[in-house]
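Numbers here simply count residues along the sequence, with the first being 1.
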Amino acid sequence: MKNYEGIIFDMDGTLVNSKDAVEKAWSIWAGGHNIDVNKILAVSHGRPSDEVIREIMPHLDIKEEVAKLETIELENVESVRPICGVIKFLRQLQSEEWGIFTSAPRALAIKRLRAASIPVPDILVTVEDVANGKPHPEGYNLAANRLGVESSKCLVFEDADAGILSAINAGCDVIKVLAAAPNDLPVDNCISVADYFDVSVSLNGRLISLQ
């Protein structure tokens, strides 16, 4: 078993199950523009909202539309829940050993984490901290740097293909969490688990496991 020096988590679908909240927000936003929400959901998973809006409706004022979407999202966190086993898993980690890189803006990330009773880590890298969103490796490289650990010695937990590619491009090893999307197919170059009860990790010489 490889010994890691840091763990970086994606948030949506990895720490929190926000699928219903995300789909509701995009549905409300899409309704305001008379477009099919399924067209958005087909390309939005794990990606920054500005990139999605630019791809779907490039003629809009992207900054203004992102702000509208964020307002909708901030008002809809009541359905957000923790991924199975994640709170117990996090309790085994020291605060300096883990962080988050999410495609969500900071205010929304904090609100969703708190809604799911998940602690906000010292290292919280959001879409606002990077010039390039997932699948670019910038965010995971930045999170590793802030942890003071080489990317190659970090383990990443992800759920979206864009995020998995981002982590792999940064040189991290990756575990794909299927809890929020159990019908997703496994992907190359990473291990897939149902939830955190399936995980055993060596971190700084300690076994982190719920088994």
Notebook entry, point to check: Taking the side chain from Q92 and the backbone from S209, do they hold a donor-acceptor pair closer than 3.5 Å?
Noted result: yes

Notebook entry, point to check: Given the rule that I, L, V, M, F, W and Y join up when any side-chain heavy atoms are under 4.5 Å apart, are L178 and L165 in one cluster?
Noted result: no

Next item on the list: Return the minimal non-hydrogen interatomic distance between C154 and A144, and the atom names on each side.
Entry: SG-CB, 3.8 Å

Next item on the list: Quick one: pull up OG1 in T14 and CD1 in I175 and give me the separation to the nearest 0.5 Å.
Entry: 11.0 Å

Check: What are the two closest heavy atoms between A25 and E73, and how far apart are they?
Finding: CB-CG, 3.5 Å

Item checked: Contact check, side chains of L15 and I83, non-hydrogen atoms, under 4.5 Å -> no

Margin query: Connecting only ILVMFWY residues whose side-chain heavy atoms lie within less than 4.5 Å of each other, what is the rest of V37's hydrophobic cluster?
Written below: V22, W26, I28, W29, I35, I40, L41, V43, V52, I53, I56, M57, L60, I62, V66, L69, I72

Next item on the list: Would you kindly confirm whether I100 and V127 end up in one hydrophobic cluster when ILVMFWY residues are joined by side chain heavy atoms under 4.5 Å apart?
Entry: no

Check: Checking side chain to side chain contact (heavy atoms under 4.5 Å, CB included) for the pair N76/E78: CA distance, chi angles, key distance, verdict?
Finding: CA-CA 6 Å; N76 289 278; E78 66 278 355; 3.9 Å; yes

Check: Atom OH of Y4 and atom CG of D173: how far apart are they, to the nearest 0.5 Å?
Finding: 3.5 Å

Check: How many angstroms lie between atom CZ of R47 and atom CZ of R54, to the nearest 0.5 angstrom?
Finding: 10.0 Å

Item checked: Pairwise distance OG(S79) to CZ(R112) - rounded to 0.5 angstrom -> 8.5 Å

Next item on the list: Give the intermediate values and the outcome of side-chain hydrogen bond (donor to acceptor under 3.5 Å, both in side chains) for residues N204 and E5.
Entry: CA-CA 5 Å; N204 293 315; E5 296 182 7; over 6 Å; no

Check: Quick one: CD1 on I164 to CG on D10, what's the gap to the nearest 0.5 Å?
Finding: 9.5 Å

Notebook entry, point to check: How far apart are the closest heavy atoms of Y140 and S151, and which atoms are they?
Noted result: O-OG, 4.4 Å

Notebook entry, point to check: Are N17 and V80 close enough, and set up right, to give a side chain to side chain contact (heavy atoms under 4.5 Å, CB included), and what steps lead you there?
Noted result: CA-CA 6 Å; N17 188 339; V80 175; over 6 Å; no

Notebook entry, point to check: Which atom names give the shortest non-hydrogen contact between Y196 and V177, and what distance separates them?
Noted result: OH-CG2, 3.9 Å

Notebook entry, point to check: Any sub-3.5 Å donor-acceptor pair from D195's side-chain atoms to G85's backbone N or O?
Noted result: no

Notebook entry, point to check: When rounded to the nearest 0.5 angstrom, what is the spacing between SG in C172 and CD1 in I7?
Noted result: 11.5 Å

Check: Can you list the steps and then say if L90 with I118 is a side chain to side chain contact (heavy atoms under 4.5 Å, CB included)?
Finding: CA-CA 8 Å; L90 290 174; I118 291 175; 3.7 Å; yes

Note to self: Check for me, please, whether L113 and F9 land in the same ILVMFWY cluster - side-chain distances under 4.5 Å, paths through other members count.
What the structure shows: yes

Notebook entry, point to check: Heavy-atom count around K63 NZ within 6.0 Å, excluding the residue itself: above 12?
Noted result: no

Item checked: Ring centres under 6.0 angstrom apart (F89, F157) -> yes

Notebook entry, point to check: Any sub-3.5 Å donor-acceptor pair from N145's side-chain atoms to N141's backbone N or O?
Noted result: no

Notebook entry, point to check: If every non-hydrogen atom of E97 is compared with every non-hydrogen atom of L147, which pair is closest and at what distance?
Noted result: C-CD2, 4.1 Å

Next item on the list: Return the minimal non-hydrogen interatomic distance between A115 and V77, and the atom names on each side.
Entry: CB-O, 3.8 Å

Check: Taking it one step at a time, do K111 and R114 satisfy side chain to side chain contact (heavy atoms under 4.5 Å, CB included)?
Finding: CA-CA 5 Å; K111 194 160 186 178; R114 288 176 175 166; 6.0 Å; no

Note to self: What verdict does the salt bridge (Lys or Arg N to Asp or Glu O under 4.0 Å) test give for R106 and E70, after you've listed the backbone C-alpha separation in whole Å, the side-chain angles of each residue and the deciding distance to 0.1 Å?
What the structure shows: CA-CA 10 Å; R106 181 170 296 272; E70 184 177 351; over 6 Å; no

Notebook entry, point to check: Taking C-beta and beyond as the side chain, do K134 and F101 meet within less than 4.5 Å on heavy atoms?
Noted result: yes

Check: Donor-acceptor pair, S27 side chain versus E23 backbone, under 3.5 Å?
Finding: yes

